[in-house]
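Working notes, structure below.
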Amino acid sequence: MAIQKRTSTNVLLDTALRNFYAAAEEMRLDEGLVEILSHSERRTCVSIPVEMDDGSVKVFDGYRVQHSTALGPSKGGIRFHPDVCLDECEALAMMMTWKCSLAGIPYGGGKGGVSFNPLDYSQKERERLTRTFAARIEPVVGTWTDVPAPDVNTGGPEMIWFMDTISKMRNQLEPAIFTGKPISLWGSKGRTAATGLGVATCAMEVLKVSGKPVEGATVAIQGFGNVGTYAALTMVKAGAKVVAISDITGAYYCPAGLDIQKCFDFVSSHPKKLLEGYQQEGMQKLAGEDLLFLPVDVLLPCALEGAINGKNADKVQAKFIIEGANGPVTPEGDEILDKKGTLVVPDFLANSGGVIGSYFEWCQNLGGFFWSEEEYNDRLLRIMRDNFHRVWDYSTANGVKMRRAAFMVAIKRVADAVRMRGVFL
Ligand code: NAD
């Protein structure tokens, strides 16, 4: 009996489902497993009444979706944004299941959020909203059930409000329910650089397996924010030559190589954390998008989704693209790159350093014992290299692109767990 495939009017959820069904079909995944994994275990909707500073009361909509806990507690961020809705949370939760599985960590996938624009509210209003949301989702989150983290418009302060509220409700400190906490309060050293370090590790491994030396390899990086800066610093430390970087103010190109430490210091002291005004001998300024088309060995899109698409992918000259951002290459762009022979390392492998770092924070919280930054980075590098090679080996052995290979490796690990644990999870 053929299964009834789920579809959605939400583009993100529909895409997540289509990607899953396509990989499942190619793997010849058992129909029962396809049914189970195309549905989320739990989709929670809550209302969040909040007293405004002027004494009035507003009610907000909040969500938490746990797609799968087959491998372990579900893991995924909490987003504060006007576009947040149940279907978007479900799509992102499903992607977290594959990301955590591929990362080889003992987590399933979850995601949540509240539909509102935090910029429209005072800090006190945001704190009351966060604490009430925490209280409403308290029955479904926990160290061994679901471990949320920061996402768009949430960070250290929100994680502390969440942790503090639930700790008070349970009358015991619960540091391991939320990751992404400040270092001074159960957070972990190394997290800031983790995603960029992981992206750079994938770039170095892809060069090595392709027989190209890292030393002297030329690199262009779109986006000089959290992911881009640490990827750049790591590549330079390994001997590569970062010739171009960009941010919302444009692209900065120096064929002889940029002084990345100087760029980093410049941005760190810039009031808006931008490259605007950066100068270096032999450097020229380009329009932002032109960075994507430079003659470099490696391109790291670390800014935004959809940067390389059906309209511009034919102009890309880089041989290797490592997706630091989420979804920087569209399916249409992917097809063009594939025909040109460009190798693309997919986002949920390349930028998984962040979630692996969250797992490290959880481990340290459970043990009540903190690691040094060196220990954190050593473990991260080892895991990222192993993960890269697991996907690379699968891709070459089965003749499939890295993106499809990554999906298949990730789905297989979850499917095996469901099979071993049985249907009645
Ligand atoms: P960030 O806000 O720190 O940096 C984003 C950078 O991109 C900024 O320098 C910004 O100026 C630049 N940018 C924005 N639009 C641009 C454009 N059109 N052209 C060139 N540059 C542009 O964000 P981040 O944390 O570095 O995240 C970047 C991407 O990586 C996002 O897609 C995010 O979802 C993804 N990601 C981040 C992490 C993490 O740990 N930070 C983990 C996984 C995935």
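For ligands, and for the atoms within them, numbers begin at 1 and follow the listed sequence. Bear in mind that the values here come from a model prediction, so they are computed numbers and not experimental data.
Polar contact check, F224 against ligand 1: a nitrogen or oxygen pair lies under 3.5 Å apart. Remark: ligand 1 and K99 share no N or O pair separated by less than 3.5 Å (distance only, no angle test). Considering both main-chain and side-chain atoms, G354 never comes within under 3.5 Å of ligand 1 through any nitrogen or oxygen pair. For the pair G225 and ligand 1, the shortest N or O to N or O distance falls below 3.5 Å. Residue N326 has at least one N or O atom closer than 3.5 Å to an N or O atom of ligand 1.
Neither the backbone nor the side chain of E323 has a heavy atom within less than 4.0 Å of ligand 1. When heavy-atom distances to ligand 1 are checked against a 4.0 Å cut-off, C302 comes that close only through its backbone atoms N, CA, C and O. Proximity of D247 to ligand 1, defined as any heavy-atom pair under 4.0 Å, is shared by backbone and side chain alike.
Side chain of E174 to backbone of G142: no donor-acceptor contact under 3.5 angstrom is found. Formation of a donor-acceptor pair under 3.5 Å by the N309 side chain with backbone atoms of K311 is found in this model. D297 places a side-chain N or O within donor-acceptor distance of the main-chain N or O of T218, the cut-off being under 3.5 Å.
Within the 4.0 Å cut-off (strictly below), no protein heavy atom is located near atom 2 (O) of ligand 1.
Between the choices A149, S352, A325, A303, the shortest heavy-atom distance to atom 22 (C) of ligand 1 belongs to A303.
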*Can you list the steps and then say if W371 with F360 is a ring-ring contact (aromatic ring centres under 6.0 Å, His included)?*
CA-CA 9 Å; W371 310 346; F360 289 170; 5.1 Å; yes
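Between I248 atom CD1 and K272 atom NZ the span is 8.0 Å, to the nearest 0.5 Å.
No option in K124, R128, R126 other than R128 meets the salt bridge (Lys or Arg N to Asp or Glu O under 4.0 Å) test with D53.
Under a 4.0 angstrom heavy-atom cut-off, R191 registers as being in contact with ligand 1.
Annotation: Y121 is in aromatic contact with F60 [ring centroid separation under 6.0 Å].
Taking 4.5 Å as the limit, some side-chain heavy atom of L86 sits within range of a side-chain heavy atom of Y63.
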